[in-house]
Amino acid sequence: MDKKALQRKRMWQYFIDAAVDIIEEDGLESLTIRRVADLAGYTSSTAYNYFDDLSHLKFFASLKFTKPYIDDIPNYINKKQPTLIQWLGLWECFLKHSFNDPHIYYMVFVGDLGDTAKDLFKKYYTMYPEELLAVPDELKGILQEESFSKRSADFLSKSVTEGYLDEADLSTLTEVTHMIWVGALVHYLNHRRSWTKDDAIHYVYREVENVVMRYVKEEKRTKLKKQLLKKK
């Protein structure tokens, strides 16, 4: 990395660190460019040299809070199991962390980021490659994909060759399960359901599992149910 790029990364880090401190102290909603710039020791105009707008700064700072989820992923994957079982394990991990910190995960996966959202994950992990060290190699590229549904489809592609799913169903399956989570998260954040955190997690996981069963090939369905029961 040349000197100019190193300097830019250092400045970027100053602002991200300041944003993280504010979120930890007062929550995501209290974040403003001015507060971040003041805490970092620079002007707001300097901050705008590194971030297109406030939503991008919130996004990058929020990603810092998803590291416990990233680090936890290996605990939910058993490579000896079929890919579909592993994928449901990833859902367990994701639900635990997303409903534990719903405002953060809403910002990262649902919040309005304009037209450049697809590049932001890659930019972040280019800046912080060390945050993917604990992640299995086959997941590193997937985690840099902006589209939640495409992340799932990329991971689930092996289920087609394993005989559990039809390739033509991957897009619908992953989009439907994604929207189940989004809907539940929004209801949970807005207190539109009398859910505890565990209630919300249980609801989404149960619905995801139900959707999966509708798409699994009939000849594999009984086997999958037995595998899931054994896993529980």
Side-chain angles (χ1 to χ4, degrees), residues 23 27-29 55 58-77 81-113 117-118 120-121 124-125 135-136 139 141-159 164-165 169-216 224 228 231-232:
I23 293 171
L28 185 61
E29 293 74 16
S55 70
K58 283 184 174 181
F59 172 84
F60 288 123
S62 294
L63 265 177
K64 278 286 183 184
F65 291 90
T66 66
K67 192 172 187 305
Y69 155 60
I70 300 296
D71 290 344
D72 204 16
I73 284 174
N75 298 320
Y76 286 81
I77 292 184
Q81 293 177 326
T83 300
L84 198 48
I85 300 286
Q86 294 182 51
W87 184 68
L88 289 169
L90 287 174
W91 265 107
E92 288 184 67
C93 182
F94 181 73
L95 292 175
K96 180 180 83 173
H97 290 278
S98 63
F99 282 101
N100 191 52
D101 215 344
H103 289 93
I104 290 295
Y105 283 79
Y106 182 92
M107 182 68 239
V108 171
F109 292 103
V110 184
D112 182 6
L113 297 170
K118 63 182 180 181
L120 298 185
F121 279 95
Y124 179 85
Y125 287 116
V135 176
L139 285 176
I142 293 171
L143 288 172
Q144 295 178 67
E145 169 59 52
E146 176 268 334
S147 167
F148 191 99
S149 299
K150 191 170 186 309
R151 284 182 177 212
S152 286
D154 287 347
F155 187 82
L156 276 178
S157 60
K158 288 183 181 178
S159 286
Y164 284 84
L165 298 170
D169 291 331
L170 286 183
S171 178
T172 303
L173 169 60
T174 55
E175 186 63 22
V176 169
T177 50
H178 173 221
M179 293 311 295
I180 289 170
W181 172 75
V182 171
L185 187 75
V186 170
H187 278 80
Y188 183 70
L189 279 170
N190 293 326
H191 308 291
R192 301 303 294 263
R193 294 288 187 278
S194 56
W195 283 338
T196 65
K197 178 177 67 177
D198 288 341
D199 289 337
I201 290 170
H202 177 73
Y203 169 82
V204 178
Y205 186 82
R206 185 189 67 223
E207 293 304 314
V208 167
E209 199 174 275
N210 287 340
V211 171
V212 166
M213 286 302 174
R214 292 203 292 270
Y215 283 94
V216 171
L224 182 64
L228 286 172
K231 181 173 176 285
K232 291 173 182 177

| message | If the condition is ring-ring contact (aromatic ring centres under 6.0 Å, His included), which residues does Y124 pass it with, not counting sequence neighbours? | response | Y128
Student check: side-chain heavy atoms of [X] and [Y] closer than 4.5 Å:
X	Y	result
R151	F109	yes
E175	I180	no
C93	N75	no
V204	W91	yes
L189	H103	yes
S159	L156	yes
I104	I23	yes
Y188	Y203	no

| request: Run the ring-centre check on W195 versus F99 and record whether the distance is less than 6.0 Å. | output: no
| Mind checking whether Y205 and F94 have ring centres under 6.0 Å apart? |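 No, they do not, as the ring centres are separated by 6.0 Å or more.
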| query | Does the pair L228 and E209 meet the rule for a side chain to side chain contact (heavy atoms under 4.5 Å, CB included), with working shown? | reply | CA-CA 10 Å; L228 286 172; E209 199 174 275; 3.9 Å; yes
| said: Test your reading of the model: is there a side-chain donor-acceptor pair from H187 to the backbone of G183, 3.5 Å cut-off? | reply: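 Yes; at least one donor-acceptor contact below 3.5 Å.
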| Has the side chain of T196 got a donor or acceptor atom that lies under 3.5 Å from a matching backbone atom of D199? | yes
| After noting the C-alpha distance and the side-chain angles of L224 and V212, does the key distance pass the side chain to side chain contact (heavy atoms under 4.5 Å, CB included) rule? | CA-CA 10 Å; L224 182 64; V212 166; 4.2 Å; yes
| query | Should we say atom NZ of K64 is surrounded by more than 12 heavy atoms from elsewhere, each under 6.0 Å from it? | reply | yes
| field | Ion pair D72/K96, N-O distance below 4.0 Å | value |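 A salt bridge is present here (some side-chain N lies under 4.0 Å from a carboxylate O).
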| query | Looking only at side chains, do T172 and D169 share a donor and an acceptor under 3.5 Å apart? | reply |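 Absent: no donor and acceptor within the cut-off.
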| In terms of ring plane angle, is the pair H178 and F148 parallel, tilted or perpendicular, where the classes change at 30° and 60°? |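 Because their plane-to-plane angle is under 30°, the rings of H178 and F148 count as parallel.
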What's the separation between atom [atom1] in [X] and atom [atom2] in [Y], rounded to the nearest 0.5 Å?
X	Y	atom1	atom2	answer
T177	E207	OG1	CD	11.5 Å
E29	M107	CD	CE	10.5 Å
K197	L95	NZ	CG	12.0 Å
M179	T174	CE	OG1	12.0 Å
I77	E92	CD1	CD	11.5 Å

| message | Quick check: closest heavy atoms across L170 and S157, and the distance to 0.1 Å? | response |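 Closest pair (atom of L170, atom of S157, distance): CD1-CA, 4.0 Å.
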| message | Assess the residue pair L28 and F65 against the criterion (side chain to side chain contact (heavy atoms under 4.5 Å, CB included)); give the C-alpha distance rounded to whole Å, side-chain angles, the decisive distance to 0.1 Å, and a yes or no. | response | CA-CA 11 Å; L28 185 61; F65 291 90; over 6 Å; no
For residues 81-88, please give each side-chain donor-acceptor pair under 3.5 Å, one per line with the distance, not counting sequence neighbours.
unit_1, atom_1, unit_2, atom_2, d
T83, OG1, E162, OE1, 3.4
T83, OG1, E162, OE2, 2.8
Q86, NE2, Q81, O, 2.9
W87, NE1, S152, OG, 3.2

| field | side-chain hydrogen bond (donor to acceptor under 3.5 Å, both in side chains), paired with S98, selected from Y105, Y106, W181 | value | W181
